[in-house]
Amino acid sequence: MAAPRDWLGTVEAEGIAGRQGSSGVEVVFPSDPATPAPLCPHGPTLLFVKVNQGKEETRRFYACSACRDRKDCNFFQWEDEKLSGARLAAREAHNQKCQPPLSRTQCVERYVKFIELPLSQRKFCQGCQQLLLPDDWERHQEHRVVGDISVTQLKRPSQLLYPLENKKTNAQYLFTDRSCQFLVDLLSTLGFTRVLCVGTPRLHELIRLKASGEKKSNIKSLLLDIDFRYSQFYMEDSFCHYNMFNHHFFDGKAALEVCRTFLQEDKGEGVIMVTDPPFGGLVEPLAVTFKKLIAMWKEGQSQDSNQKELPIFWIFPYFFEFRIRQFFPSFCMLDYQRFHRTFICVDEAMKYGCMLEVDYDNHALYKHGKTGRKQSPVRIFTNIPPNKIILPSEEGYRFCPLCQRYVSLENQHCEHCNSCTSKDGRKWNHCFLCKKCVKPSWIHCSICSHCALPDHSCGGPKDGCFICGELDHKRSTCPKIATSKKVNKAVRKQKQRKSNKMKMGTTKGQSMNHTSVTRKKSRRERAHQYLCS
Ligand code: SAH
Ligand code: ZN
Ligand code: ZN
Ligand code: ZN
Ligand code: ZN
């Protein structure tokens with residue numbers, strides 16, 4: 001769900017991809033790095049290489065792992081660049097300055113004080129996105145402050161906090177209650193007792209609500225997320241400030257140990273990892289991180305269970321299937337298509353001091369949207385055998401005995417492919433020339449000798465993607481495009497900075513705002529963004 005909208009737009013448009021002048025950037029993971037990667041405020045940076053139409057440039061550089069927008073983190077360093085002591089010190093100071101103002105322990109202490117206050121004294125500053133203690137009131141006098149924060153509200157921080165909307169870096173696409181409920185029920189049916197929530201704050205919240213509710217469930221949850229604001233609402237053992245693109249724990253060893261203990265409890269039995277990463281990010285760094293979490297879990301395994309894998313739900317768009325399976329061949333993609341985002345009416349939120357959320361299932365606008373399609377492109381990728389994952393028949397899913405998995409109603413078993421082939425919720429058609437099933441909107445093109453959209457341009461450079469060369473998508477929908485754009489810009493800026501520097505003799509860094517929230521976007525604009533997905 002964490003998706004820059006413009007990607008989804010282009011994916012739906014299937015093939016309007018431009019081909020001219022494309023170039024891209026890839027992450028490299030040197031097997032034997034000579035030096036450790038330099039640090040930005042988000043932990044170790046990643047090493048990138050610029051690729052021009054398949055040809056690698058030799059000069060590699062480091063850039064931020066988490067931010068795909070230089071406004072959020074402008075780190076840039078050539079791999080072979082030697083920095084002066086003064087510049088290293090300035091960088092170190094900058095990294096320090098960008099860390100959250102309160103330590104994890106301070107946050108917990110504040111939280112404990114906060115819950116002891118009488119209701120009338122429990123205030124939350126919407127402007128600063130912060131719970132206030134009486135000592136803070138004066139400083140927030142001029143801000144928009146809401147009072148009477150109930151225990152129920154404290155238990156649902158994702159409703160109290162504005163979703164971060166920076167499209168490139170930290171877009172938060174929260175599950176609707178219905179989607180979230182589906183997940184929690186599924187986890188509980190599958191018998192899990194611990195859930196490691198990586199970038200799923202709302203799932204974490206719902207699991208905990210259930211554990212403290214009337215019909216108590218016994219599922220525990222630990223949230224790892226880069227959104228520091230959550231540390232105000234959780235004790236050390238249920239939230240770690242974490243960067244999933246480089247496996248960095250912002251609070252160091254203590255936080256890493258929290259995660260390790262959680263994974264290894266009960267000899268690693270009963271735990272699952274659920275993740276819903278921003279998909280403007282690269283698949284490879286995520287895969288590297290998840291493998292580290294898997295290894296951490298494995299350390300705690302007893303000898304006889306060596307064969308087992310850490311169960312994982314990776315929530316991601318269907319068009320990343322190929323990339324994900326490159327790193328995790330045992331993963332399969334489930335056909336569940338009804339992950340819906342909440343639609344937050346920010347204007348009303350400002351008026352009433354709470355989030356009003358609309359479930360798109362019930363939303364007239366959505367139902368009659370531009371594409372007229374109800375499905376979201378987001379799927380669950382998992383290493384749990386799909387026949388164990390029962391999808392709701394009241395939503396039209398059925399069991400295919402041949403595929404041994406639950407599929408959507410429209411997804412028909414193709415006897416030639418021997419599989420239920422649809423990926424996107426529409427019925428796909430078998431093409432005997434291509435020897436596979438293709439999207440209903442495609443026709444076979446005798447010039448290109450494969451299926452494509454009727455209005456494609458024939459003959460261009462042999463299909464496939466300009467950035468990574470893979471055949472199943474175009475440049476505009478390449479899983480690597482976001483970084484490629486950012487880094488190209490970074491390279492350009494770097495060059496520009498150099499020339500400016502020569503002119504002015506100085507450069508200025510940008511600082512990062514941990515709670516930058518865009519609130520100006522109109523409701524209409526948001527609805528539009530969603531509908532175009
Ligand atoms: N559907 C989920 C939210 C997914 S939005 C839910 O409802 O629970 C993506 C989440 O990933 C956000 O919470 C965001 O803060 C987090 N995130 C974004 N970049 C991250 C990073 N580099 N490391 C860790 N978490 C990140
Ligand atoms: Zn950074
Ligand atoms: Zn089938
Ligand atoms: Zn077929
Ligand atoms: Zn053609």
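Counting convention: from 1, in listed order, for ligands and their atoms alike. Bear in mind that the values here come from a model prediction, so they are computed numbers and not experimental data.
Below 30°, between 30° and 60°, or above 60°: for Tyr230 and Phe239 the angle between ring planes is between 30° and 60°, a tilted geometry. Using bins of under 30°, 30° to 60° and over 60° for the plane-to-plane angle, the ring pair Phe182/Tyr336 lands in the parallel bin.
Checked by atom type, the side-chain pair Thr200/Asp276 shows no donor-acceptor distance below 3.5 Å. In the model, Ser221 has a side-chain atom that pairs as donor or acceptor with a side-chain atom of His204 under 3.5 Å.
Closest to the Zn ion (ligand 2) among the N, O or S atoms of His42 is ND1. The N, O or S atom of His430 lying closest to the Zn ion (ligand 4) is ND1.
Aromatic rings from Phe432 and His444 are positioned such that their centres are separated by 6.0 Å or more. Ring-centre distance between His247 and Phe249: below the 6.0 Å cut-off. Ring to ring, Tyr242 and Phe250 are not that close: their centroids are 6.0 angstrom or more apart. Taking the six-membered ring for Trp and the full ring otherwise, the centers of Tyr406 and Phe399 sit less than 6.0 Å from each other.
By the 4.0 Å N-to-carboxylate-O rule, Glu257 lies close enough to Arg260 to be salt-bridged with it. A salt bridge links Glu81 and Arg87; the closest N-O separation between the charged side-chain nitrogens and carboxylate oxygens is under 4.0 Å.
Inclusion of Ala66 in the set of residues having an N or O under 3.5 Å from an N or O of ligand 1 is not warranted. Not a single N or O atom of Pro277, backbone or side chain, sits closer than 3.5 Å to an N or O atom of ligand 1. Looking at Phe245 next to ligand 1, no N or O pair under 3.5 Å apart turns up.
Heavy-atom proximity to Ile226, at under 4.0 Å, picks out these atoms of ligand 1: 17 (N), 18 (C), 19 (N), 20 (C), 21 (C), 22 (N), 23 (N), 24 (C), 25 (N), 26 (C). Numbered from 1 in the order shown, with element, the atoms of ligand 1 that lie under 4.0 Å from a heavy atom of Gly199 read 2 (C), 3 (C), 4 (C), 9 (C), 10 (C), 11 (O). Taking every heavy atom of Tyr242 and a limit of under 4.0 angstrom, the matching atoms of ligand 1 come to 23 (N), 24 (C). For ligand 1, the atoms sitting less than 4.0 Å from at least one non-hydrogen atom of Asn243 are 21 (C), 22 (N), 23 (N), numbered in the order shown with element in parentheses. Distances below 4.0 Å separate heavy atoms of Leu203 from the following atoms of ligand 1: 8 (O). Of all atoms in ligand 1, numbered sequentially from 1 with element shown, those under 4.0 Å from a heavy atom of Leu174 are 7 (O). Applying the 4.0 Å criterion to heavy atoms of Asp227 picks out, from ligand 1, the atoms 15 (O).
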*Determine, stepwise, if the pair Phe61 / Phe76 fulfils ring pair (Phe, Tyr, Trp, His ring centres under 6.0 Å).*
CA-CA 7 Å; Phe61 55 87; Phe76 183 96; 5.1 Å; yes
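An angle of 110° is found at the Zn ion (ligand 2) between Cys40 atom SG and Cys73 atom SG, rounded to 10°. Rounded to 10°, the angle that SG of Cys417 and SG of Cys437 form at the Zn ion (ligand 4) is 110°.
Metal site remark for the Zn ion (ligand 2): Cys67 contributes no N, O or S atom at a distance under 2.8 Å. Among the atoms of Cys431, none of the N, O or S atoms falls under 2.8 Å from the Zn ion (ligand 4).
Atom 19 (N) of ligand 1 has its nearest heavy-atom neighbour, among Gly43, Ser179, Pro278, Pro285, in Pro278.
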